[in-house]
Protein chains: 2
Amino acid sequence: MTIKTLLSSLSKIEDSQDFEIKGWVAANRGNEKIRFVTINDGSSIDNLQLVIKGSDIAKFDIDSLNLGTSLFAKGKLFLTPKSPQPIELVVSDLKIYNLNTPDFPIQKKEITIDFLREIPQLRHRTNLFRTIMIIRNALTYEIHKYFQEHDFINIAAPIITSNDGEGAGETLNVESDGKEMFFKQKAFLGVTGQLHAEAYASGFKKVYTFAPTFRAENSHTSRHLAEFWMIEPEVAFYELKDVILLADDLLKTVISNVLKNYQSEMQFLDLLKDNKLLSALNKFINTKLTIMEYKDVIPVLQKHKSSFEEKNITFGMDLASEHEKFISEKIVNGPVAVINYPKELKAFYMYQNPDKKTVAAFDLLVPGIGELIGGSQRESDYDKLCNRLKELKIPQEPLQWYLDLRKYGYAGSSGFGIGFERLVMYVTGASNIRDVIPFPRTPGSIKM
Amino acid sequence: MTIKTLLSSLSKIEDSQDFEIKGWVAANRGNEKIRFVTINDGSSIDNLQLVIKGSDIAKFDIDSLNLGTSLFAKGKLFLTPKSPQPIELVVSDLKIYNLNTPDFPIQKKEITIDFLREIPQLRHRTNLFRTIMIIRNALTYEIHKYFQEHDFINIAAPIITSNDGEGAGETLNVESDGKEMFFKQKAFLGVTGQLHAEAYASGFKKVYTFAPTFRAENSHTSRHLAEFWMIEPEVAFYELKDVILLADDLLKTVISNVLKNYQSEMQFLDLLKDNKLLSALNKFINTKLTIMEYKDVIPVLQKHKSSFEEKNITFGMDLASEHEKFISEKIVNGPVAVINYPKELKAFYMYQNPDKKTVAAFDLLVPGIGELIGGSQRESDYDKLCNRLKELKIPQEPLQWYLDLRKYGYAGSSGFGIGFERLVMYVTGASNIRDVIPFPRTPGSIKM
């Protein structure tokens, strides 16, 4: 049984119940008569306190236990409702696996997050990163669960692809050391699984990908990675409004389950954000999503243009991160789906609205992060797609397989992409995307 | 409600109950008085039969419905326990989304699997590939569920890495079009997430990856892909025997849940394999795993050397696929874990047994596939690891971070890798790995 399970089932525990644990020392306090050694087993931010008394202190060599020592302990549980910790283990046997060396970079002394970024292989052994990675795992599983319980099929879109996706050009290339090209043609790391997911939605109806994607963007912001995970649901028969509802329900369900099942971890994170994290997330869960037309966002931004670096605000402009955050933080004070963007700003495959100016796209903006989700209804008209490709000077031939989907009993479809690390940032309150993925990859940096 | 859900809850259905469905036409039969249109919605291999009568046939333009047409229908359900199908929908309203064009490559006529491999974007609209991909999804979710319910944390090992993993050298390289190296050093696509998973196991205790991995092997067999998904659990405090038990329990749990929850699909696949698939899988579930020492396998193979192309069978040889299959198919007649291989055959990080000749590795071999899982206990001794690297002429510096894990309260650990597509082959009976992943990547081939 893990510490997480033990602490969530205290009502079933009886005093003197036998218990065993394997884990790592988090603290070693006390005096020569009684010692308190707290253990973490990775299941929770919470530790279990071991109590070692009298001659057992010498027998089990408790003096030697330093921060991070791996050990096994067994004994009897006792509920301690009046103490800071609700339960403790009075030890009858203890085995040290390995002591930690004194040069372990993570010690009790104050340690900076910059320093920890230099040691991604060890930083999860701090309370902060342990907690973030526990929440990341929880979100991973909750997302799979949501889709599976809503009849979605997970599909593996290819990572290595001959299509460069949205035509944005910021791709990483794949080569082998051999003299010939391994794939006999130019090969890219996928920037999206959407086109392939659309092919599968036409037949499976509801599909989703959950996989790594790649951008060679040379940007060093706190919101960009060269390698990040994306979740891309795609649903045949869905129009824009359906897929916005799906995005909203997915986020609310997933976040509320995490808040319910990881209370210790979320309280710890809340403290780090001056108690503003939980209130913001609870507000998100309990507030109806605001939907705003792009054309109605522009006059609002114009009214506040003194707040922005980019003050030239006109219909047709792309919203910068400062504008996105302003809308969600200052105007809506919560999440907002901005819909129907000018078609020039968006990818070729988006549904062209009857106004001939906009496409049926949406961006879901949240406070603190800006864009968390981007999606659209897909264009179903073969000729309109071909014309749009021509306008954008994107070669049609490599995309012919995709265009042809429209011929074969096409039911229309809509979908979106969630940048998974941005979701983890939103839920954990982390302010740098490098801190929510175990081994971050950024321009010039691929440690390990 | 999907067709799958409908058919699994027939006992709760009442005659005349309202029902709606969106899906694609699988067949259109009948006469001018009554028409039977079967619909598939992607949730199951099973279809739902629509019944359209009298003047409604003309009103809803039923004559036009061809294979693959997308439509919406509503009406009333009627149980038909005496018919081949258990239930049907008598249609009161029907809307055609899009007819299929006559050049749709998948028609009722006989179609070869080779031809279907040329159209990965459409082949899931056949019964065979729809079923394989439904089972693939089921296995994906069951694997996540198993690990999550057993207190494992999913971790994202990096895809782009500066370590080339097992030192096998068959890596794909990552470059950007820019003049400088994007990552300022040589970058590979990961061949394994194990080293990174080990770092996380030291702290989280039980972790697993489920992610794409890559090999630039120039092999054109039915068992190799350049891009495939791997599941790699890693557990601190575990020794070889513990991790073999984990592998066995994982496979048995996952496969038996799939057999239970996907009976129609598994029966369809069983028919394609002359009714030998289900019996083999049920036998797997109900048979205790056999464990054989590598040193005991060699004399057995020597006794049967006339059966092999490679007849020079001695201690120290690597088992070829023909040997692996022979052991599981002819000797054990079921799955077998071969353990304690000569250290020369295995990677540097494996635990060196006291005999100084072998390492605590295991390969799990299954009939029809050969190696399904490979794993080991990891060496915990820092000096032994360094010496092994020297013997193998692998530079130590890039792996220093990994070696140092042994210093920091190291608890030992063990883990294994499952080639996910091989598992899908095993469960679906597919004989070519290209048929169990939506968009297969092999040397010279990256369609779409």
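Below, chains carry the letters A, B, ... as their sequence lines are ordered, and counting in each starts from 1.
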| said: As an exercise: rank Y200(B), W401(B), F439(B) by heavy-atom pairs under 4.5 Å with chain A and give me the winner. | reply: Y200(B)

| note | Looking only at A199(B), A236(B), G23(B), A187(B), most heavy-atom pairs under 4.5 Å shared with chain A are made by A199(B)

| query | In terms of heavy-atom proximity below 4.5 Å to chain A, should P212(B) be classed as side chain, backbone, both, or neither? | reply | side chain

| message | Evaluate D151(B) against D41(A) for side-chain contact (heavy atoms from CB on, under 4.5 Å), listing each step before the verdict. | response | CA-CA 11 Å; D151(B) 307 313; D41(A) 69 352; over 6 Å; no

| query | Does the side-chain contact (heavy atoms from CB on, under 4.5 Å) test come out yes or no for K205(A) and W24(B), once each step is laid out? | reply | CA-CA 9 Å; K205(A) 197 152 76 176; W24(B) 291 266; 4.1 Å; yes

| message | Closer than 3.5 angstrom, by distance alone: can the side chain of R441(A) be matched with the main-chain N or O of P158(B) as a donor-acceptor pair? | response | no

| query | Under the 3.5 angstrom rule, does the side chain of S162(A) hit a backbone N or O of K447(B) as a donor-acceptor pair? | reply | no

| message | Parallel, tilted or perpendicular: which one describes the rings of Y97(B) and F237(A), with boundaries at 30° and 60°? | response | perpendicular

| message | So for S380(A), is it side chain, backbone, both, or neither that comes closer than 4.5 Å to the heavy atoms of chain B? | response | neither

| query | Does the side-chain contact (heavy atoms from CB on, under 4.5 Å) test come out yes or no for N173(B) and F182(A), once each step is laid out? | reply | CA-CA 11 Å; N173(B) 307 333; F182(A) 187 78; over 6 Å; no

| query | With only heavy atoms counted, which part of F210(B) is less than 4.5 Å from chain A, the side chain, the backbone, both or neither? | reply | backbone

| note | If one checks every heavy atom of R136(A) against chain B at 4.5 Å, the contacting part turns out to be side chain

| remark: Residue from R125(B), K407(B), H124(B) scoring the most non-hydrogen pairs under 4.5 Å with chain A is H124(B)

| message | Out of K145(A), K22(A), Q185(A), return the one with the most heavy atom pairs under 4.5 angstrom to chain B. | response | K22(A)

| Between CG of L189(B) and CD of E175(A), what distance do you get to the nearest 0.5 Å? | 11.0 Å

| Relative to chain A, which segment of L99(B) carries a heavy atom at a distance below 4.5 Å: side chain, backbone, both, or neither? | backbone

| Top contributor to chain B interface from T69(A), I96(A), L67(A), D103(A) [non-hydrogen pairs under 4.5 Å] | D103(A)

| field | Exercise: identify the closest heavy-atom pair between F204(A) and G42(B) | value | CD2-O, 3.2 Å

| Pick from A157(A), A156(A), P120(A), G68(A): which one has the most heavy-atom pairs with chain B under 4.5 Å? | A156(A)

| query | chain B heavy atoms under 4.5 Å from T101(A): which part of the residue, side chain, backbone, both or neither? | reply | both

| query | Are any non-hydrogen side-chain atoms of F214(B) and V174(A) less than 4.5 angstrom apart? | reply | no

| field | Top contributor to chain B contacts, counting heavy-atom pairs under 4.5 Å, from S445(A), P438(A), A201(A) | value | P438(A)

| message | I'd like to know if the side chain of E227(B) and the backbone of I159(A) have a donor-acceptor N/O pair within less than 3.5 Å. | response | yes

| query | What part of F152(A) gets closer than 4.5 Å to chain B, counting heavy atoms only: side chain, backbone, both or neither? | reply | backbone

| remark: Among I134(B), L122(B), N100(B), I437(B), the residue with the most heavy-atom pairs under 4.5 Å to chain A is N100(B)

| message | Given 3.5 Å as the limit, does a donor-acceptor pair link the side chain of T161(B) with the main chain of I446(A), or not? | response | no

| message | Tell me whether N154(B) contacts the main-chain N or O of N137(A) through its side chain, where contact means a donor paired with an acceptor under 3.5 Å. | response | no

| task | Could you tell me the separation between the OG1 atom of T140(B) and the CD atom of Q148(A), rounded to the nearest 0.5 Å? | result | 7.5 Å

| query | Between H196(A) and M448(B), is there a donor-acceptor pair closer than 3.5 Å when you use the side chain of the first and the backbone of the second? | reply | yes

| query | Do S43(B) and K206(A) touch side chain to side chain, with heavy atoms closer than 4.5 Å? | reply | no

| Option in P105(B), A211(B), A411(B) with maximal non-hydrogen atom pairs under 4.5 Å from chain A | A411(B)

| said: Are the side chains of L405(A) and Q121(B) in contact, using a 4.5 Å heavy-atom criterion? | reply: yes

| Which one, A138(B), P398(B), S202(B), A226(B), leads in non-hydrogen pairs under 4.5 Å with chain A? | S202(B)

